[in-house]
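The structure appears below as structure tokens.
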Amino acid sequence: RSKAEARVDGSTGVKFCDVAGIDEAVEELQELVRYLKNPELFDKMGIKPPHGVLLEGPPGCGKTLVAKAIAGEAGVPFYQMAGSEFVEVLVGVGSARIRDLFKRAKMVYIVVFHVSISLENWWCQVNKPSVIFIDEIDALATRRQGIFKESSDQLYNAATQERETTLNQLLIELDGFDTGKGVIFLAATNRKDLLDPALLRPGRFDRKIRIRPPGAKGRLDILKIHASKVKMSDSVDLSSYAQNLPGWTGAKLAQLVQEAALVAVRKRHNSILQSDMDDAVDRLTVGPKRVGIELG
Ligand code: ATP
């Protein structure tokens, strides 16, 4: 039995209003939410939902966040695993995990089938949709040579073979995937160039969505989202940080606000001040200062 379990998030609680700076991608992904909310309608209209959706872009720009927001907006379970969790030297473990993951997402139908009472209820719930998400899919869909280079040839070959078996299982699941059932398969990667071409063939990942680093306006919107979760003084000029921190991703900006909150607590401020934000920028760019911040 596989030791890695998919993390199931009944309700991710994440919504599109928690995501900023990637408006184009969000607009494209709204369609998936409409589908997850009403797969029967799409089915009746003869509209085929995408088989798989690949989110690609640099780390920290919100790929996982937006995948969670899709499930959160639609109010459906979110099954998450990282590509590296499928990578095993032991024969058959990776492919068993792939099977498990898809089986668990589909199992919702069976469980619900047994507890339903009315016919109408049955129909709605049998089609209960879900989102399957595999982060860093490149870890399982490419041949990584680094780890096993030092090992014996036999071990290297076994690992390579195992990775291929796992990838094949994923292709089988994707091919046998009944898109009409309301299950959406999403994956994310920072390295689309490393992916096996078989995975990118039509009918597998039908939709590829680029998640780009935010521009100045996006950075401001992201800062506002994260500032709203902490006690930030109204006097802090967030737009100056958005303007002056080019290249900072959503993850880095979220970290900035958290760091500023910590600085404010250490300095016993009642809310985060501009000087706390400045300190936090310094700490994140040049590392913590030795002087200036007293603990306790
Ligand atoms: P990786 O490729 O490293 O997995 P990722 O693109 O999946 O990165 P996330 O894990 O979604 O990035 O981002 C980490 C955190 O950074 C999020 O939980 C969120 O707090 C913040 N964040 C990132 N992007 C955004 C965004 N576009 N809007 C708001 N917050 C963001």
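Atom set for the values below is all heavy atoms of this structure, side chains included, hydrogens, waters and symmetry mates excluded. All ligand and atom numbering here is 1-based and tracks the order in the structure.
- Residue Gly60 places a heavy atom under 4.0 Å from ligand 1.
- For the side chain to side chain donor-acceptor pair (under 3.5 Å) condition, the pairs that include at least one residue of residues 216-227, sequence neighbours left out, are Lys217-Asp221.
- Looking only at protein heavy atoms, the nearest one to atom 18 (O) of ligand 1 is Leu65 CD1, 3.9 Å.
- Side-chain N or O atoms of Lys208 include none that pairs as donor or acceptor with a backbone N or O of Leu55 at under 3.5 Å.
- Of all atoms in ligand 1, listed by their number and element, those nearer than 4.0 Å to a heavy atom of Asn190 are 2 (O).
- In this structure a side-chain-to-backbone donor-acceptor pair under 3.5 Å is missing from Glu56 to Ile209.
- In terms of protein heavy-atom proximity, atom 7 (O) of ligand 1 is closest to Thr64 OG1, 2.8 Å.
- Only backbone heavy atoms of Cys61 (N, CA, C or O) come within less than 4.0 Å of ligand 1; its side chain stays farther off.
- Regarding atom 30 (N) of ligand 1, its nearest protein heavy-atom neighbour is His226 NE2, 3.0 Å.
- Side chains of Ile222 and Trp248 form no contact here, defined as non-hydrogen atoms less than 4.5 Å apart.
- Contacts with ligand 1 closer than 4.0 Å are made by no heavy atom of Glu136, backbone or side chain.
- When each atom of ligand 1 is checked for a heavy atom of Asp18 under 4.0 Å away, the hits are 28 (N), 29 (C).
- Qualifying side-chain contact (heavy atoms from CB on, under 4.5 Å) partners for Ser228, counting only residues two or more places apart in sequence or in other chains: none.
- Within the 6.0 Å centre-distance limit, the rings of Phe185 and Phe205 are counted as a close aromatic pair.
- Of the possible polar contacts, none joining the Asn244 side chain to the Tyr241 backbone as a donor-acceptor pair under 3.5 Å is found.
- The nearest protein atom to atom 2 (O) of ligand 1, hydrogens excluded, is given as Lys63 NZ, 2.8 Å; this is a heavy-atom distance.
- Residue nearest to atom 13 (O) of ligand 1, selected from Gly62, Pro58, Gly21: Gly62 (by heavy-atom distance).
- Proximity of Ile222 to ligand 1, defined as any heavy-atom pair under 4.0 Å, is confined to the side chain (atoms from C-beta onward).
- Judged by distance alone, the side chains of Tyr35 and Asp43 never bring a donor and an acceptor atom under 3.5 Å apart.
- Here the protein heavy atom with the shortest distance to atom 3 (O) of ligand 1 is Pro59 CB, 3.6 Å.
- Checking Asp135, Val26, Val14, Thr249 against atom 4 (O) of ligand 1, the nearest heavy atom belongs to Asp135.
- The closest donor-acceptor contact from the side chain of Lys63 to the backbone of Pro58 lies under 3.5 Å.
- Closest heavy-atom approach to atom 27 (N) of ligand 1 among the candidates Ala20, Ala251, Gly250: Ala20.
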